[in-house]
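One structure is given here, and the rest of the page talks about it.
Proteins get letters first, then strands, A, B, ... in listed order; numbering begins at 1 in each.
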Protein chains: 2
Amino acid sequence: MKSKICDMLGIDFPLIAFSHCRDVVVEVSKAGGMGVLGAAPLHAKDLAMTLDWIDDNIDGKPYGVNIIVPNKYVGKITDEKGSVDKKTPPEKIDSTAQRNFVRKLLNNYGIDTSDLTDDLMQRKPRIAKNADFSGNSQILDIALSHPVKLLCNSLGVPPEHMIEKAKERNIPLAALVGKKEHAINQAKAGVDIIVAAGGEAGGHCGEISTLVLIPEVCEALRDFGDIPVLAAGGIVTGSQMAACMAMGAAGVWTGSVWLTTAEAETNPVVKEKMLAARSSDTVRSRNRSGKPSRQLRSAWTDAWESDIAPEALPMPFQTSIAEPAMAKVLKLAESGHEGAKELASYFVGQGVGMMNQQTTVRQVVYEFMDNFIEASERLQSFNQE
Amino acid sequence: MKSKICDMLGIDFPLIAFSHCRDVVVEVSKAGGMGVLGAAPLHAKDLAMTLDWIDDNIDGKPYGVNIIVPNKYVGKITDEKGSVDKKTPPEKIDSTAQRNFVRKLLNNYGIDTSDLTDDLMQRKPRIAKNADFSGNSQILDIALSHPVKLLCNSLGVPPEHMIEKAKERNIPLAALVGKKEHAINQAKAGVDIIVAAGGEAGGHCGEISTLVLIPEVCEALRDFGDIPVLAAGGIVTGSQMAACMAMGAAGVWTGSVWLTTAEAETNPVVKEKMLAARSSDTVRSRNRSGKPSRQLRSAWTDAWESDIAPEALPMPFQTSIAEPAMAKVLKLAESGHEGAKELASYFVGQGVGMMNQQTTVRQVVYEFMDNFIEASERLQSFNQE
């Protein structure tokens, strides 16, 4: 396909797949799109092993790596070129109410929480360690010792050393945004590709819908040499891809649609719930990370949205509490625990309503291609006399 | 243009404009689209006069009329073929907290509220009278004594007598929905056109985004003889229109974009605020009618979203309180009252961020046409080798 993104990334079809699963990354790239590995929650040695495996299996096709370095979070560590946020030092955050709430919630669903200790729920999560200068430096070094063809940052302008390293090596640098103003900031900082994600997206998201955000961001970026835009948020079909590209996007960035593929390591209970879910079965909530993210509605999200729930803590403290608890829930759910099944949830966008049967990654890519052409022809047909 | 909607409605370009302003209705129809007059808040005699005026000025072009008969509201009056909701009789609703909150809010912004009496804020609003069987019968009779070419209902399945009258006269009947399930219900009830409105829409709206809702609804309606879908929600440009039609919509239904045209009778303070607003400057709240609706963010919406605000009352009681108060605010804002300017708000969708300069209705229609072709060509260009 003729698209700026295809030229920049050396791919045939401008369908980018964000995933934590190495198999998904590899399969999407081999099918003509591009897989991007989410490295944020990984230990350095796991990242290295995963990238080695990808290199061994991807047949030389291009792939990318995504990290999370937020512009703002409590206790953000100063790097020599980064910003400081020391207004609320980490030790001042009292998470007693949230820890107790989670334990009580799990207890109510028949789950023993004696191993969800105060100590465990106050540990700095891996994702926060990787957001620090030392953490993201290490991740970048590992990524750059592999033939990555795209680097991407979520939740903020990439740290300066990331921008420099990408430019030095001629690797395109992408960044996710949920607002036009953020896209402009990213463009000014020198980012090469903007991923504009609407409020219907799974995981961290803003409130502006994809249909509004894409034309807005494309218009705003005209002043910055037409930086290509990848549309994100709710996109699970080739017709939505065509829609976004009709509005000016150069391609799409997807995440949710891969979670129900055969290759995805999604918890089987969650996978089943997603296949059955309607588009209205998601909720945008701060309960998982402290920043708003879209998740599959479950007894867990309902509880956090109820009037008696404590307010979610700021990033990264909410993660310290939610992730060990949800990890426990997911493990129990998989073993058949009924209460845990009700609580089980994961990040997913509103597109979940159209994810109705498990297929392979390759099938999803091919369906995108087919639906894209179909949509393109449909639009063309309106112009006929 | 070749579209099922154009054939059904006898128009050239499938751009439908919902408006309370007769000039907008007339101008859109004369420019090749179709204007639909929002009749819900009108007295019978005003509706008759407005339709007479439209007939005298529209050069024989087709236009439509929209009413609001919700599926559910407190105190819904039984019609001989309608449903009953008598769980909460009107007289049992205590609106003291809400009345006091509104008066205190206006006082805080320097507005005297002595004329916002308890009596005034407990009157059944016109919009609720028109939702009753006798009210909507009268409106329909008036509408049908004029050459209307489209009837539409919001917030629920049209009452049976509306469906019958439309069928008898061969007038296409449309209905607004925000969920796939509602679209199926409307199709089963015999509606001819589904207006699928995403959560980014101005006024009453659901939570599913337009980009997700349109392909979902189109897919669901395949089992009902391909009932045409008009896409709505956030659409203010022809490129968004093209996007929705690439996904299967037969045309679009718009509202917000007309509010800032020269012909619109929008309060001038609100118009100015809308022209300056970003896409993030809207809020979805129950404060205006008791059902969630998207509005321009202002000191009024901020107050209702604050922790100290009482919960909004169910429809139609919240309208009884909000509408007289906001009418007062808007009148004062127009005369230059600073506090009233801060409070002033109106229904608008996220597309407001792209409504940046006042133009004429005709210009908006022509820009839609130009941008539609541009987007169509853009999408086509990706398929070139």
Side-chain angles (χ1 to χ4, degrees), chain A residues 1-3 6 14 178-181 198-200 206-216 218-219 231 233-237 239-248 250-251 278-280 282-284 349-354 371-385, chain B residues 1-3 6 14 178-181 198-200 206-216 218-219 231 233-237 239-248 250-251 278-280 282-284 349-354 371-385:
Chain A
M1 189 185 281
K2 194 185 155 189
S3 155
C6 291
K179 275 189 175 184
K180 181 179 82 171
E181 296 76 12
E200 55 266 66
E207 295 190 275
I208 317 296
S209 81
T210 305
L211 192 81
V212 169
L213 186 67
I214 300 307
E216 262 199 331
C218 290
E219 170 71 29
I235 301 170
V236 299
T237 70
S239 81
Q240 294 170 297
M241 180 179 180
C244 291
M245 291 174 71
M247 294 189 292
R278 297 163 304 175
S279 55
S280 49
T282 72
V283 57
R284 184 175 176 270
Q350 291 185 340
V352 72
M354 289 183 275
N371 291 343
F372 182 93
I373 291 169
E374 224 175 86
S376 187
E377 287 171 355
R378 189 185 294 125
L379 185 57
Q380 214 52 25
S381 74
F382 291 113
N383 290 320
Q384 289 160 10
E385 284 311 307
Chain B
M1 190 185 281
K2 192 186 156 191
S3 155
C6 291
K179 275 189 175 183
K180 181 179 80 171
E181 296 76 12
E200 55 265 66
E207 294 190 275
I208 318 294
S209 81
T210 305
L211 192 81
V212 169
L213 186 68
I214 299 309
E216 261 198 332
C218 290
E219 169 71 27
I235 301 169
V236 299
T237 70
S239 81
Q240 294 170 297
M241 179 179 181
C244 291
M245 291 174 72
M247 293 190 292
R278 297 163 304 174
S279 54
S280 49
T282 72
V283 57
R284 184 175 176 270
Q350 290 187 341
V352 70
M354 290 184 275
N371 291 343
F372 182 93
I373 291 169
E374 224 175 84
S376 187
E377 289 171 353
R378 188 185 293 126
L379 184 57
Q380 213 52 26
S381 73
F382 291 112
N383 290 320
Q384 288 159 11
E385 285 309 306

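- In terms of heavy-atom pairs under 4.5 angstrom with chain B, the leader among A/Ile208, A/Ile235, A/Val236 is A/Ile208.
- Listed options B/Cys244, B/Gly248, B/Gly351, B/Gly198 were ranked by heavy-atom pairs under 4.5 angstrom with chain A; first place goes to B/Gly248.
- Side-chain contact between A/Lys2 and B/Asn383 is absent, with no heavy-atom pair separated by less than 4.5 Å.
- Taking 4.5 Å as the limit, some side-chain heavy atom of A/Glu216 sits within range of a side-chain heavy atom of B/Met354.
- B/Ser280 places none of its side-chain heavy atoms less than 4.5 Å from the side chain of A/Glu207.
- Interface summary for chain B: among A/Gln240, A/Arg278, A/Arg284, the most heavy-atom pairs under 4.5 angstrom belong to A/Gln240.
- Heavy-atom distances place no part of B/Glu219 under 4.5 Å from chain A, backbone and side chain included.
- The residue among A/Ser279, A/Gly234, A/Ser239 with the most heavy atom pairs within less than 4.5 Å of chain B is A/Ser279.
- Only the side chain of B/Glu200 has a heavy atom closer than 4.5 Å to any heavy atom of chain A.
- Remark: side-chain polar atoms of A/Gln380 are not paired, donor with acceptor, to backbone N or O of B/Gln380 under 3.5 angstrom.
- Heavy-atom pairs under 4.5 Å with chain B peak, among A/Pro14, A/Gly199, A/Gly353, A/Ala243, at A/Ala243.
- The most heavy-atom pairs under 4.5 Å with chain A, out of B/Ser209, B/Gly206, B/Cys6, come from B/Ser209.
- Taken from CG in A/Leu211 to CG in B/Leu213, the straight-line distance is 11.0 Å, to the nearest 0.5 Å.
- Going from atom CG of A/Leu379 over to atom CZ of B/Phe372 covers 5.0 Å, rounded to the nearest 0.5 Å.
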